[in-house]
Each structure stands twice: as structure tokens, then as C-alpha cells.
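Below: one structure, written as C-alpha cells.
In what follows, residues are counted from 1 in the order of the sequence shown.
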Amino acid sequence: MNAETPPWSLVFQPERKFGVVVVGVGRAGSVRMRDLRNPHPSSAFLNLIGFVSRRELGSIDGVQQISLEDALSSQEVEVAYICSESSSHEDYIRQFLNAGKHVLVEYPMTLSLAAAQELWELAEQKGKVLHEEHVELLMEEFAFLKKEVVGKDLLKGSLLFTAGPLEEERFGFPAFSGISRLTWLVSLFGELSLVSATLEERKEDQYMKMTVCLETEKKSPLSWIEEKGPGLKRNRYLSFHFKSGSLENVPNVGVNKNIFLKDQNIFVQKLLGQFSEKELAAEKKRILHCLGLAEEIQKYCCSRK
């Protein structure tokens, strides 16, 4: 399936709309609400009913705040977009699935592999769609990289990500909060295994550096580094060496337009049953593999403290 030109892009008047509630109205939640209210083909299948927030906001641009209890019990609400901090995802997903709602959740779905497996089983029991967003796979840079690495033999590679500090209590261990980088590496080079991992932390300076050594199924080494601290700009540095040459960083390949909307397109295709079992199984396998790796990295780092 294609996020750019979905098969229903010429359908203007769907027979039914799925009622949606957005949980959490930070950056991602605000973009989701904007996309739901704008006239896009996938938004025509969705009806924004309200939003849930721990803050008392009343309404945002005419969209009413509703309580979590009302969102869970409402017959009108059929879909929940979970856009809260990562530490709350598992609980929200479980509540909405148990209430018989479809769920779209920002990554990471959970902060443990076992919880993700359990929630997927719950979604299957309930006959509901559980979709974990991965907008990083819809970026222009990733599309460029995918074309560049296809068919090439990797000798070694590295990916360094820098950014400002992030609260671990809210967003999880760095291997989970940075899971989009891990997802890039797995999507480009296949399933990976952990060789070693270290975590350097200076909590008083709000600084941390996680260094992970991975290897591909062909035993090619890949290093992944997350470095976060005050004054560090949000940046991605990569270096991939192949038998046929090297790739150092990604050229400016254009603006990442509407990546959350592209993700919504994919979600609506799932709601309409337009994804094959094979596609869904491959996506689930990749997501669980990345969550499992993130958990392994966390355990490895914590065992060496």
C-alpha cells in the first residue's frame, strides 16, 4: 500500500465516518487534530469528536475537551489517537482496546516488549486495528536512503543522533525514546542483533550518551549513538560504508511534508481492510523486533551500572 496515493483517493463521500478522539494535545496531538479537521481524502473517513487532556483546556479551535471516561464509554467514539507521553501509552491503549475502540498510537507503542505483544493479542481478540505510527519511515531522507542502500553490501555503518535533554520518566529509556533511529537501521539493513551497549550519564548536567554496537545478519557492524544535553542541536549524522562506496550523511532532499497525514492515510487503509495479512504481519514483526532490541539495550546498560 502507498501512503502517497491511497486507492480511495478519488472517493469523496464515504458511506460512514469513524468517530475519533485525540488523547494528548502536545506537538503530535495538535498536528493530528489539524489534519483531522482539514479536507484530506483520509480525513473524510474520520470525524473528530473531541480531545482528552490532563490540563483543563475547555476547547481548542472549536473542538471540545471530553473526559477520558466519556471517550471510553461513548458509542460515537470508535477510534483513539494516543499522542500522550510514552510512559502513558500502554495504559491508554489497553483501556481503549478493552472499550472496543481502534487505536493509533505514536511510537514507541510501549516501553516493554511483553506489553506490546499482550496489547497486540488484545487487539486481535477484539477485532480492532492497533497501529503504531512511524513517521520517520515517511520522511524524504529515509526514502533517499532506502534507494541508496538497496542491493548494496554493507561493510560497516554508524548513526549518531543529537538533541536537547529528554525526561526519561516520561519518554522512556534512550533506546525507547530513540526507537525511530533503530527503526531506520532495521528497515534499511534487516533484523539486527545486539553486541554491546553503554550509557554515560551526568544527571546534574542533564547530559546522556548511549552507544550501541549492533550487527546485521551478515555480521556487519553498525553503531548507534544517542547524545542528548543542553545546547545540543537536533541533528542526525550517518556514515555507511559499502563494498561499492560510501554514503556520508544525507543531502538536503526537501521538506518532509505532511508526514503525520501520510501516516493517517495508512491507518485509514487499515480501518478499511485494505492491507494484506502479509503486510500487517511484516510490519508487526519489525515493530516487535525493534521494541525487543530496545529492551535488550536497556537491560544491557542497566546491568553494567
Side-chain angles (χ1 to χ4, degrees), residues 24-32 82-89 105-111 132-145 157-189 192 194 196-214 222-240 247-260 262-263 287 290-291 293-298 300-302 305:
V25 285
R27 189 183 72 89
S30 301
V31 174
R32 295 290 188 184
I82 312 239
C83 309
S84 55
E85 65 266 19
S86 309
S87 57
S88 64
H89 288 180
V105 61
E106 307 300 331
Y107 69 74
M109 179 196 296
T110 60
L111 299 178
E132 185 187 41
E133 162 269 304
H134 276 287
V135 291
E136 76 281 12
L137 298 180
L138 304 172
M139 291 176 163
E140 299 294 336
E141 296 96 323
F142 181 74
F144 169 84
L145 281 177
S158 67
L159 173 56
L160 161 65
F161 179 77
T162 61
L166 204 59
E167 290 174 58
E168 191 173 318
E169 295 74 28
R170 295 176 64 206
F171 298 99
F173 187 80
F176 283 98
S177 60
I179 206 160
S180 67
R181 265 73 70 191
L182 191 53
T183 303
W184 261 29
L185 293 176
V186 167
S187 301
L188 290 171
F189 302 113
L192 304 171
L194 177 64
S196 66
T198 56
L199 181 67
E200 178 195 340
E201 272 185 301
R202 295 197 303 274
K203 291 205 168 162
E204 67 281 7
D205 300 330
Q206 292 185 288
Y207 174 85
M208 81 88 207
K209 184 178 184 182
M210 179 185 74
T211 304
V212 181
C213 297
L214 301 155
L222 271 172
S223 68
W224 167 37
I225 300 165
E226 292 276 306
E227 188 174 18
K228 290 181 180 156
L232 284 175
K233 288 203 166 69
R234 197 177 168 84
N235 250 320
R236 203 186 280 109
Y237 307 91
L238 54 85
S239 170
F240 297 139
L247 179 63
E248 301 282 347
N249 292 316
V250 180
N252 191 341
V253 287
V255 181
N256 292 308
K257 285 185 187 165
N258 298 326
I259 49 177
F260 283 94
K262 288 174 186 174
D263 178 69
I287 289 169
C290 290
L291 288 170
L293 267 179
E295 187 169 87
E296 220 183 316
I297 292 163
Q298 181 175 1
Y300 198 100
C301 289
C302 294
K305 276 192 176 177

* Give a yes-or-no answer on whether the side chains of S88 and S84 include a donor-acceptor pair shorter than 3.5 Å. => yes
* Under a 4.5 Å cut-off applied to non-hydrogen side-chain atoms, are I225 and V212 in contact? -> no
* To do: State, yes or no, whether a side-chain contact exists between V135 and E106 at a heavy-atom distance under 4.5 Å.
  => no
* Salt-bridged, E200 to R202, with N to O below 4.0 Å? -> yes
* Is any side-chain heavy atom of W224 less than 4.5 Å from a side-chain heavy atom of T211? -> no
* Would you say the side chain of S239 lies within less than 4.5 Å of the side chain of N249, judging by non-hydrogen atoms? -> no
* Residue pair F240, L145: steps toward the side-chain contact (heavy atoms from CB on, under 4.5 Å) verdict -> CA-CA 10 Å; F240 297 139; L145 281 177; 4.2 Å; yes
* Could you go through the side-chain contact (heavy atoms from CB on, under 4.5 Å) check for T198 and M210 one step at a time? => CA-CA 6 Å; T198 56; M210 179 185 74; over 6 Å; no
* Are L199 and E201 close enough, and set up right, to give a side-chain contact (heavy atoms from CB on, under 4.5 Å), and what steps lead you there? -> CA-CA 6 Å; L199 181 67; E201 272 185 301; 3.7 Å; yes
* **Residues L182, L214; criterion side-chain contact (heavy atoms from CB on, under 4.5 Å); working and verdict** => CA-CA 10 Å; L182 191 53; L214 301 155; 4.1 Å; yes
* To do: State, with a plain yes or no, whether a side-chain heavy atom of Y300 is found less than 4.5 Å away from one of S196.
  => yes
* To do: Could you tell me whether E226 and R181 have a side-chain N and a carboxylate O separated by less than 4.0 Å?
  => yes
* Asked: Do the non-hydrogen side-chain atoms of Y107 and S180 ever get within less than 4.5 Å of each other?
  -> yes
* To do: Take E227 and T162 through the test side-chain hydrogen bond (donor to acceptor under 3.5 Å, both in side chains) and record every step on the way to the result.
  => CA-CA 5 Å; E227 188 174 18; T162 61; over 6 Å; no
* Asked: Below 4.5 Å, heavy atoms only, C-beta onward: do F173 and I297 meet side chain to side chain?
  -> yes
* Quick one: are the ring centres of Y237 and F161 less than 6.0 Å apart? -> no
* Structure fact -> Rounded to the nearest 0.5 angstrom, the OG-CD distance for S177 and E168 is 7.5 Å
* Answer yes or no: is there a donor N or O on one side and an acceptor on the other, between the side chain of S30 and the main chain of V25, under 3.5 Å? => yes
* Asked: Hey, does L137 have a side-chain heavy atom less than 4.5 Å from the side chain of T183?
  -> yes
* Asked: Using 30° and 60° as the class limits, which term best fits the ring planes of F142 and W184: parallel, tilted or perpendicular?
  -> tilted
